[in-house]
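Just so we're on the same page: letters track the sequence lines, and every chain starts at 1.
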Amino acid sequence: MKIENGEIAALLLRVADLLEIQGANPFRVRAYRNAARTVEASGEPIRDLVDAGEDLSALPAIGDDLAKQITELVKTGKLARLEEIERAVPPSLAELTHIGGLGPKRAQRLWKELGIETVDALEQAARAGKLATLEGFGAKTEAKILKGIEELRAHRARTRLSDADTIVAPLVQYLKDFKGVKSVDVAGSFRRRRETVGDLDLLAIAAKPAAVIRHFTKYRRVKDVDLAGDTRATVRLDSGLQVDLRVLEPASYGAALLYFTGSKAHNVKLRNRAIDAGYRLSEYGLFRVKKGAKEPKRDVTSGTRVAGKTEEEVYAKLGLPWIPPEMREDRGEIEAATRNKLPRLITVDDLRGDLQMHTTWSDGQNSLDEMISACAERGYEYCAITDHSKALAITGGMDAKALARQQRELADVVERHPEIHVFRSMEIDILKDGALDLADAAIETLDIVLVAIHSHFDLPAAQQTKRILEAVTSGKVHILAHPTGRLINRREPYPFDMEAVLHAAKEYGVAVEINAHPERLDLDDVHAMRARELGVTLVIDTDAHSTSDLDLIHYGVEQARRAWVEPKDVLNTLPLDALIRRLHGQPPKAPSGIRSKRR
DNA sequence: GCCGTTTTCGGCCCGACTGTTTTCAGTCG
């Protein structure tokens, strides 16, 4: 059984949920959640580490006990600890805590006092008015639980980052237009540029917080107001997206921005660092605390505030350089910052060209001339035209004859565009058996060979891996495009051995794509980070199907930044002549070799 | 259950808001 990191993490989280309902030591519960995070964030399959006999307790948040448990899980597919707990607590109780407003304590009481074990049973009891008979439960709680069940059933997916971008812009403007509002920022996973966001965290500076909160709850797209206090409110928009707003003072704005940007794991580590240095860190600032002073109820701004106006100030007081939001996931960035070894993250300006785009020769909306002009307008030194091959008939994919015709037109078009170098390329399908969907003779007319899978997503993992490796090691290929085939919130990645493919890409000098399209973002941040660790060259491109799609490039760059990618890791940061030399020298193991014919 | 240039034991992040409490627990982020 080949267990994936995601499955291991899910089981650890399940143990945590059930332990919590049992009323276990909260720090023990946290330990399981922390370990789950480590597993989830590992680009390398944990099963490979186990197979290699490596010591898992070397990983952060995993000690001797969890190392043993995870090893057992990988080897046997079973987790004795979980089975033990599931004998004591009905497993279905874990789902109850996923209902908004219902946590482990009350789930336990519902079970023990009313015998409720499932969401269905809970709904029945709530409708029958039985919940309100419980000490501490009232009519409002009952109504809130019913609403929470409804939302759980609606099973709302996380919102794609690009969708969040379009929702955020008018809302931020609405708040900024309100009298007395000095600034509005979006924090949270949105600011960290995660591929999806669960909710939006807005921060504002304003003279009269309560008035801003009221204004916020009256935004035309607000469907429900979950809570609204003097400085904070939570609403749900008609799109289903939850939005939190906090209104703050300038003196604590940086601390709040830091705090609400997260991630939670990054914050916890920073707070511990603050404590070690004799401070208290909260969203109100960094405060010097007197030794031993631990009054039970204190003013949140008591003590001496030593930083808080800006993020830079807070990091500096903690002995750290400012850390870019995309890196704040507790994947070693605080340690790197401590040693002053933060990477110089790639930016959009580092890219000198876009190496995947489509035209009317297959399924693109714009002509060769329009796409090339648009690339030139964006200041690129080069671009590559990568229309589909014939196997993808629905896109009007080209065979060798069509490719030849396209190249004749392209020769004319490039004459008119001396300001940009155009690579002859093609997005060639990897067929079911791993062969490429274009004859070798035609492949040899290409400057860049880009390959991808668009069919037979449901092959067994071993066969899918073999298929991809066949292409990657063929000696004909420069770029492996959207390697997993996933579409965010729509299609899961097809199963295959990513680790094997990345090793092969490294060996054969094949660049692996971070597809910038906000629906793909493929590779994702975790795999891109793994690729970078292995020394695999990445390429960031848009897969544009229209000229306006070229502007989506920043999504790819943002994911790359989350993977700590530097300019040197990316093929299309190379100047034109260096890129051409590189293409000539590649693939290193080419049996017959493909040669770039143009300079 | 993890972790350790003060510790192998004793710590483990901080605050807002709600509901049903007459002083606070539970939940959330």
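Considering only residues two or more places apart in sequence or on other chains, Glu54(A) meets the salt bridge (Lys or Arg N to Asp or Glu O under 4.0 Å) condition with none of them. Checked against side-chain hydrogen bond (donor to acceptor under 3.5 Å, both in side chains), Asp525(A) has the following partners two or more places apart in sequence or in another chain: Arg331(A), Arg562(A). Asp199(A) is linked by a salt bridge (Lys or Arg N to Asp or Glu O under 4.0 Å) to nothing, counting only residues two or more places apart in sequence or in another chain. With sequence neighbours left out, the side-chain hydrogen bond (donor to acceptor under 3.5 Å, both in side chains) criterion links Glu533(A) to Arg530(A). Partners of Arg344(A) under the salt bridge (Lys or Arg N to Asp or Glu O under 4.0 Å) rule, at least two apart in sequence or in another chain, are Asp350(A). With sequence neighbours excluded, the residues forming a side chain to side chain contact (heavy atoms under 4.5 Å, CB included) with Pro518(A) are Ser162(A), Leu552(A), Tyr555(A), listed by chain and number.
Side-chain proximity of Arg280(A) to the nucleotides dG15(B), dG1(B), dA16(B) is greatest for dG15(B). The Leu227(A) side chain lies nearest to dC17(B) when the options are dC17(B), dC14(B), dG1(B). When distances are taken from the side chain of Ile275(A) to each of dC12(B), dC14(B), dC2(B), the shortest belongs to dC14(B). When the nucleotides dG15(B), dG1(B), dC12(B) are ranked by their closest atom to the side chain of Asn272(A), dC12(B) comes out on top. Of the listed nucleotides (dC2(B), dC12(B), dT20(B)), dC12(B) has the atom at the smallest distance from the side chain of Phe27(A).
Taking the C1' atom of each, dG19(B) and dC12(B) are spaced 29 Å apart, rounded to whole Å. With P as the reference atom, dC17(B) and dT22(B) are 22 Å apart, rounded to whole Å. When the P atom is used for both dC28(B) and dT20(B), the distance is 16 Å, rounded to whole Å. Spacing of C1' atoms, dT7(B) relative to dC2(B), comes out at 14 Å, to the nearest Å. Rounded to a whole angstrom, the distance from the P atom of dG11(B) to that of dA16(B) is 26 Å. Taking atom C1' in both dC3(B) and dT8(B), one finds a spacing of 10 Å when rounded to whole Å. dT6(B) and dG1(B) have their C1' atoms separated by 23 Å, with the value rounded to a whole Å.
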Per-nucleotide protein contact string for nucleotides 24-29 of chain B, where B marks a base within reach and S marks sugar-phosphate only (heavy atoms under 4.0 Å, - for neither): --SSSB

Could you go through residues 133-140 of chain A and list every donor-acceptor pair under 3.5 Å that involves a side-chain atom there, pairing it with any protein atom two or more places apart or in another chain?
| residue | atom | partner | partner atom | Å |
| --- | --- | --- | --- | --- |
| Thr133(A) | OG1 | Lys130(A) | O | 2.5 |

Review item, side-chain donor-acceptor pairs of residues 316-326 of chain A, under 3.5 Å, at least two apart:
| residue | atom | partner | partner atom | Å |
| --- | --- | --- | --- | --- |
| Trp322(A) | NE1 | Glu311(A) | OE1 | 2.7 |
| Glu326(A) | OE2 | Arg561(A) | NE | 2.8 |

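Within the 4.0 angstrom heavy-atom criterion, only backbone atoms of the sugar-phosphate kind lie near Ala139(A); the bases stay farther away. The residue Asp230(A) sits close only to the backbone: its heavy atoms come under 4.0 Å of sugar-phosphate atoms, none of a base. Ser57(A) comes within contact range of no nucleotide atom at all, as no heavy-atom separation falls under 4.0 Å. Within 4.0 Å of Ala228(A), counting heavy atoms only, lie sugar-phosphate atoms of the nucleic acid but no base atom.
Checked by atom type, the side-chain pair His266(A)/Glu329(A) shows no donor-acceptor distance below 3.5 Å.
Less than 4.0 Å separates DNA chain B from no heavy atom of any residue of residues 320-339 of chain A.
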List, with names and distances, any nitrogen or oxygen atoms from the protein found under 3.5 Å away from nitrogen or oxygen atoms belonging to nucleotides 6-10 of chain B.
none

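Rounded to whole angstrom, the span from the NZ atom of Lys147(A) across to the P atom of dT18(B) amounts to 13 Å. Atoms CG (Leu258(A)) and C1' (dG15(B)) sit 15 Å apart, rounded to a whole Å. Atoms CG (Leu13(A)) and P (dG1(B)) sit 16 Å apart, rounded to a whole Å. Residue Glu142(A) contributes atom CD, which lies 17 Å from atom C1' of dT18(B) at whole-angstrom precision. At whole-Å resolution of the value, CG in Leu131(A) and P in dG19(B) are 15 Å apart. We find that CD of Glu249(A) is positioned 15 Å from P of dG15(B), with the value rounded to whole Å. Per the geometry, CG belonging to Leu203(A) stands 14 Å off P belonging to dA16(B), to the nearest Å. Rounded to an integer number of Å, the gap from NZ of Lys144(A) to C1' of dC17(B) is 9 Å.
Other residues, nucleotides and ligands contribute only 12 or fewer heavy atoms inside 6.0 Å of the CD atom of Gln124(A). Enclosure of atom CG in Asp64(A) is not indicated, since only 12 or fewer non-hydrogen atoms of other residues, nucleotides or ligands lie within 6.0 angstrom.
Listed by first then second residue, pairs satisfying side-chain hydrogen bond (donor to acceptor under 3.5 Å, both in side chains) with a partner in residues 170-186 of chain A read Gln173(A)-Asp177(A), Tyr174(A)-His215(A), Asp185(A)-Tyr253(A), not counting sequence neighbours.
Note that CZ of Arg221(A) is 9.0 Å distant from CG of Leu241(A), once rounded to the nearest 0.5 Å.
In this structure, Leu59(A) and Gly136(A) both approach DNA chain B, and ranking their closest nucleotides by distance from the 5' end singles out Leu59(A).
Phosphate contact (OP1/OP2 of dG1(B), side-chain N/O of Arg33(A), threshold under 4.0 Å): absent.
Exactly one residue among Ile145(A), Ile21(A), Leu122(A), Thr118(A) makes a side-chain contact (heavy atoms from CB on, under 4.5 Å) with Leu96(A). That residue is Leu122(A).
The partner of dT8(B), taking Watson-Crick or G-U wobble pairs whose two distances both stay under 3.5 Å, does not exist in any strand shown.
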